[in-house]
Amino acid sequence: MYKSQLDTLLKQSAPRVSFLYGDSFLVGYYSRKIAHCLKSEEKTTFYFDEYNANNINALLSQGSLFGSSSLVVLKINHKLSKADVELFLTSLSHNTHNALIIEYYQSPSKSQADYARDCKVCAGYFKHPKIPKDSLVEVRFFEPTMGECMEFMRQRARELHLKADDKILSQILMLQNNDIALALNELEKFVVFAGKPIEPSDVNLLCDGIASFSVEELCCTLMEKKPIVEMLQSIYEEGINEIAMISEIQRFFYQLFLFFTFIKIKGRPDAKEILGFSPPAHITERLSRYCIRFKEAQYIAIFELLSTWRYEVSKGKSKQSMGTLIKIQEMIR
């Protein structure tokens with residue numbers, strides 16, 4: 001199952017068994033959302049090293065004395081055994097008032113490829129003849145698109161009663177290199193402006209960027225075929241997580257590819273339709289200008305280069321950026 005299918009399901013009912021994996025932000029977000037929908041009287045969370053199959057099963061198999069329901073949430077980064085999953089599902093099939101949510105994150109010691117393979121194997125365990133299909137789900141989350149990130153920002157701004165338009169929310173998101181988790185935390189700073197429209201100067205005053213140079217600035221410098229060594233060094237000196245940097249570069253080129261394909265089909269750019277929101281005019285102009293500097297085959301080559309870079313970093317080979325970025329810069333027309 002994918003995010004869109006889970007969204008549809010949650011409009012009707014919450015699954016009693018959920019195996020969530022993929023993008024870490026969305027895994028945590030939807031775990032909380034499902035837990036809220038379940039409205040269980042008792043909730044117990046096991047964190048990583050606290051995992052103990054017998055203790056977990058004891059909670060899942062306990063009967064309901066006064067009609068109360070129990071929810072167990074597992075936050076893990078190790079591969080589940082088939083025997084443990086079968087044990088949990090059997091207990092839940094007999095105790096229909098209880099529920100289980102498993103948040104499966106990538107271990108720092110595992111590569112993206114190993115994690116994806118383990119996810120696929122574990123997802124296959126989540127079947128039981130006595131548990132209805134809609135009550136038992138395995139959901140793979142992909143990194144949220146810019147449009148999805150903006151919707152999360154809008155939703156949180158409404159919850160905090162902030163008067164922030166899309167340009168302000170986009171500014172906050174970009175200052176955090178489009179890391180949605182960090183950007184949502186930044187919104188908390190603006191509760192002092194509740195009832196007052198937030199201005200760009202307020203954002204500059206309260207928000208700290210991740211690095212002196214943003215990854216977006218690095219990408220733009222790359223596209224302008226200017227030297228990137230000093231900027232790249234500055235970003236590394238700020239202590240940026242290299243996987244996070246690669247994710248942002250991938251997002252940048254994915255946006256270019258979206259503009260490229262849209263223009264190729266429609267003959268014109270439409271940022272609202274492409275991204276799901278309307279960025280400032282200069283950003284739309286820049287993306288429209290940059291996107292035509294590559295051919296379709298070159299976009300494929302770029303995504304392969306970035307995936308290889310990410311894989312190498314996940315295996316412990318840090319700072320593999322220069323060779324990759326130079327190869328991309330050489331493709332620019």
Open item on the list: Taking the side chain as everything from C-beta on, heavy atoms only, tell me whether N52 gets closer than 4.5 Å to I56.
Closed with: no

TODO: Establish, from distance only, whether the side-chain atoms of Y21 and E138 form a donor-acceptor pair under 3.5 Å.
DONE: yes

Task: Check: S91 main-chain N/O paired with N95 side-chain donor or acceptor under 3.5 Å - done: yes

TODO: Work out which heavy atom in C149 is nearest to a heavy atom in I180; give both atom names and the distance.
DONE: O-CD1, 3.5 Å

Open item on the list: Keeping R16 on the side-chain end and H97 on the backbone end, is there a donor-acceptor pair under 3.5 Å?
Closed with: no

Open item on the list: When you measure from the side chain of Q329 to the backbone of K226, do you find a donor-acceptor pair of N or O atoms at a distance under 3.5 Å?
Closed with: yes

Open item on the list: Tell me whether S314 contacts the main-chain N or O of Y311 through its side chain, where contact means a donor paired with an acceptor under 3.5 Å.
Closed with: yes

Open item on the list: Would Y51 and N77 count as a side chain to side chain donor-acceptor pair (under 3.5 Å) here? Give the steps.
Closed with: CA-CA 10 Å; Y51 182 91; N77 59 7; over 6 Å; no

Open item on the list: Test your reading of the model: is there a side-chain donor-acceptor pair from D134 to the backbone of L9, 3.5 Å cut-off?
Closed with: no

Open item on the list: Can a donor-acceptor pair be found, under 3.5 Å and without considering hydrogens, that links the side chain of E248 to the backbone of V215?
Closed with: no

- [ ] May I ask you to check whether S247 and R310 show a side-chain donor-acceptor distance below 3.5 Å?
- [x] yes

Open item on the list: Determine whether a donor-acceptor pair (N or O, by modelled atom type, separation under 3.5 Å) exists between the side chain of D202 and the backbone of E199.
Closed with: yes

Task: NZ/NE/NH1/NH2 to OD/OE distance under 4.0 Å, E224 and R289 - done: yes

Task: Flag, side chain of S31 to backbone of V27, donor-acceptor distance under 3.5 Å - done: no

Task: Polar side-chain atom of E86 near backbone of A83 as donor-acceptor pair, under 3.5 Å - done: no

Task: Ring centroid separation F25 to F152 under 6.0 Å - done: yes

Task: Donor-acceptor contact present, side-chain S40 to main-chain K43, <3.5 Å - done: no

Task: Pair K327 + E330, salt bridge at N-O below 4.0 Å - done: no

Open item on the list: Please report whether the ring centroid of F260 lies less than 6.0 Å from that of F294.
Closed with: no

Task: Test item: K79 and D114 side chains (from C-beta on) under 4.5 Å apart, heavy atoms - done: no

